Every structure is written in structure tokens, then in C-alpha cells.
Undergrad: 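This structure is in C-alpha cells; I'll ask about it shortly.
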Amino acid sequence: MSIFDRVIVGLMPLIPKPIVGFFSRRYIAGVHLEDAIAEARRLNACGCMVTMDLLGEHIKVKEESFAARDTYLEILDAIEKNGIDGNVSIKPTQFGLTFGTDLAYENIRAVVERAKEYGNFVRIDMEDSSTTDATLEVYGRLRKDFDNVGVVLQACLRRTLDDAARLAEMGANIRLCKGIYVEPYAISWRDREIIRRSYVYILEMLLRKGSYVGIATHDELLVWEAMRIVHDLGLDPSCYEFQMLLGVSERLREVIVSEGHRLRVYVPYGKDWYAYSTRRLKENPSLAGTIALDILGLSPDRRRR
Ligand SMILES: Cc1cc2nc3c(=O)[nH]c(=O)nc-3n(C[C@H](O)[C@H](O)[C@H](O)COP(=O)(O)OP(=O)(O)OC[C@H]3O[C@@H](n4cnc5c(N)ncnc54)[C@H](O)[C@@H]3O)c2cc1C
């Protein structure tokens, strides 16, 4: 973490909420489901698929997990009703994982069942490493009965090589990302170049073994590596998709779509936008510098625009 990142995170509590809101607008679709549907329509019109995310995680009482489940059922209904080309992404702790895997399993199962009725799909996001085993356990249980559910693996974790090999044998649908949480050195790679190499190695293994992969990155080098791998393997674009966060690397997004690859944009929305924005920055302060540079028009990503 640079001094610049520390300064930005330190200043966060002093920045009035409306100003944080103003700058978050690019990354968050809005407060209401209608806002997310409107954003999804705009993205669909640009040739992008979406995955919708209700902001919120680490609930305090079990009842909140039922509310999250019910809202996700509404999101799936709205996607169907509005003819959106999109699915949903859920956070296991928002579905009660910290109260036990059974609670999360039952809640997520209800959403996967509804998605199945619509021919839709549910992605289980991966949170910090304290939840990895439980998340993969819930995913494994669901996978026994459903094929319309996928999970996420983080290239920064040392365990991911083994997890990926095992999940590929199950024919799992996997989103591969670098991993946003700052994890202990004992279990995670820290060096940016090593994480990139880990990403490429795991991506190639998954695609070779026939897994459908959501290639979630804005790192141009990794996008190039992914294009190289799908070219080498002669894969049809239906075997994988690129994935990006709302408001990030829009120019690169356009390039990927224009070259005939499928691309899905992660569309977060909800009333928890402020807690979400500030928590993310505290968890991973190096993002603060990236976003600040981006807002000032100085990030490498901006210069590509
Ligand atoms: C669709 C999607 C789903 C994800 N799901 C998960 C998940 O379930 N679990 C998890 O741990 N992580 C998840 N992530 C986050 C991921 O792990 C990385 O932290 C994040 O994508 C940044 O890594 P990068 O590969 O884009 O490379 P980086 O090197 O971090 O970023 C490359 C460039 O992209 C731009 N950039 C990247 N992120 C941002 C940002 N937030 N705001 C502004 N600019 C940015 C910057 O210009 C940066 O230089 C997800 C990411 C995506 C795209």
C-alpha cells in the first residue's frame, strides 16, 4: 500500500457522504432494483450481458438472510419480466454463511431453484479466506442437484490450484479473479507478477479441462493472455466469457466485445452503497489510489479512453 493510498483511506471519513455518492455513481447502478434494470438495459444495448448484485454482506441476524433471499427472487423475476440478458451474483455471508452452512445452503438453493425455472444462472461470489471452505462446501452440495450454479476462485490464494483442479473434474462453472481481499502471506501470493502468473496458469488449466470460465479481470495483460489461450485451444466464444465491474475499464470492454467475445458486467445496486464503498477501500486500500487516479483522469485505464 502506498502513502497515497493511506492518505486517501485516512481522508475517507472526512468526505461528506453526498460527495462519496457522486464518485460512486460510476461503479454502482443506484439504490433501487429499477435502477439496476435500467443500467442492465443500457449494457445489453451495448452488447454486454450483466450479473446483478444486491449490495450487502456479513449480516447481523439470520432474518436478514431471508430478506436477501427474497430480494434475489424478485431480481430474477425482474430479469425475466424485462427480458434482460443477465444473471445474479450472491454473497454467501449475505445468505447467512456465518450462521452455518445449512442456512446459507437453504437460502441459496431457493434462488438457484427459481433461476432454474427461468433457465437462468446463479454465481456464488467468493469472500475472504475464512469463508472459502464453507462456500465451496455449499457449492458442492448445490452442484449435486443443479447445473445452473457457479462459483468463484481467487488466483491470489495458494490453495486455488488444487481447488481449480478438483472443481474442473466436477465440470464446474468458475469465475476466475485475482481476489480482492488482503490475505495473510502464509496462504496467499502478494507479488503482482506472481498473481498474474497464477491467474494465467489456472485459467489455462480450467479451459483445457473443459470448464466454462468467467474471466474476471481489467488487467490488459491478462485479457491478452486469455485471448491467446482461447485462440491456442481453438475455443468457441460460447465456452467462456469475460467479466468486468460496472464503470471500470470501459474502453477495454468495448475492444473485447468488438472482437466477438462475450462479456458480462457486474452491476451492484442497493441501499448499502456507502457501507460497501468505504468497506471495500478499508479492506483493500490499494484500490483507493487506483480510484482516485481514475477520478483525476490519471489512471492507465483512463489514458486508454
Ligand atoms: C466481474 C467481477 C467479479 C468479481 N468477483 C470477485 C469475487 O467474487 N471475489 C473477489 O475476491 N474478488 C472479485 N472480483 C475482484 C477481483 O478479485 C479484483 O480485485 C479486481 O478485479 C481487480 O483486479 P484486476 O484483475 O482487474 O487487476 P488490477 O491490476 O487490480 O486492475 C487492472 C486495472 O483495472 C482498473 N481497476 C481494477 N479494479 C478497479 C476498481 N475497483 N475501480 C476502478 N478501477 C479499477 C485499474 O485501472 C487497474 O489498473 C471481481 C472482479 C470482477 C471484474
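Ligands are counted one by one from 1 in listed order, and the atoms in each one are counted from 1 as well. These figures come from a predicted structure and were not determined experimentally.
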Undergrad: In this structure, does ligand 1 have an atom that sits under 4.0 Å from one of the heavy atoms of Glu220?
TA: no
Undergrad: What do the steps show when you test Asp219 against Thr217 for side-chain hydrogen bond (donor to acceptor under 3.5 Å, both in side chains), and what is the final call?
TA: CA-CA 5 Å; Asp219 184 336; Thr217 183; 5.1 Å; no
Undergrad: At a 4.0 Å threshold, what atoms of ligand 1 neighbour a non-hydrogen atom of Tyr181?
TA: 11 (O)
Undergrad: Please classify the Met244 to ligand 1 contact at 4.0 Å (heavy-atom distances, strictly less than): side chain, backbone, both or neither.
TA: backbone
Undergrad: Number the atoms of ligand 1 from 1 as they appear, then name those within less than 4.0 Å of a heavy atom of Arg192, with their elements.
TA: 29 (O)
Undergrad: Consider every N or O of Ala216 and every N or O of ligand 1, then say whether any pair is closer than 3.5 Å.
TA: no
Undergrad: For Asp85, which residues count as a salt bridge (Lys or Arg N to Asp or Glu O under 4.0 Å) partner, sequence neighbours excluded?
TA: none
Undergrad: Within the structure, does Arg175 bring an N/O atom to less than 3.5 angstrom of an N/O atom in ligand 1?
TA: yes
Undergrad: Using a 4.0 Å cut-off to any heavy atom of Asp125, which atoms of ligand 1 qualify?
TA: 8 (O)
Undergrad: Taking side chain to side chain contact (heavy atoms under 4.5 Å, CB included) as the definition, give me every residue that meets it alongside Asp162, ordered by chain and number, with sequence neighbours left out.
TA: none
Undergrad: One thing to verify: whether Lys116 and Glu113 come together as a salt bridge, which I'm taking to mean a side-chain N less than 4.0 angstrom from a carboxylate O.
TA: no
Undergrad: Quick one about Arg123 and Asn87 (side-chain donor to acceptor, distance below 3.5 Å, no hydrogens or angles considered), yes or no?
TA: no
Undergrad: Compare Val248, Thr135, Val152, Leu245 and give the one whose heavy atom is closest to atom 35 (C) of ligand 1.
TA: Val248
Undergrad: Scan side-chain atoms only and decide if Thr51 and Arg175 contain a donor-acceptor pair under the 3.5 Å cut-off.
TA: no
Undergrad: Tell me whether Glu106 is salt-bridged to Arg109, with the criterion being a basic N under 4.0 Å from an acidic carboxylate O.
TA: no
Undergrad: What I want to know is whether Cys177 and ligand 1 share at least one N or O pair that is separated by under 3.5 angstrom.
TA: no
Undergrad: Does Arg141 count as lying over the ring of Phe146, i.e. NZ or CZ under 6.0 Å from the six-ring centre, within 45 degrees of the axis?
TA: no
Undergrad: With respect to Gln154, determine whether any N or O atom, backbone or side chain, lies less than 3.5 Å from an N or O atom of ligand 1.
TA: yes
Undergrad: Checking the N or O distance criterion of under 3.5 Å, is ligand 1 in contact with Thr217?
TA: yes
Undergrad: Show which atoms of ligand 1 fall inside a sub-4.0 Å distance from at least one heavy-atom site of Gly179.
TA: 11 (O), 16 (C), 17 (O), 19 (O)
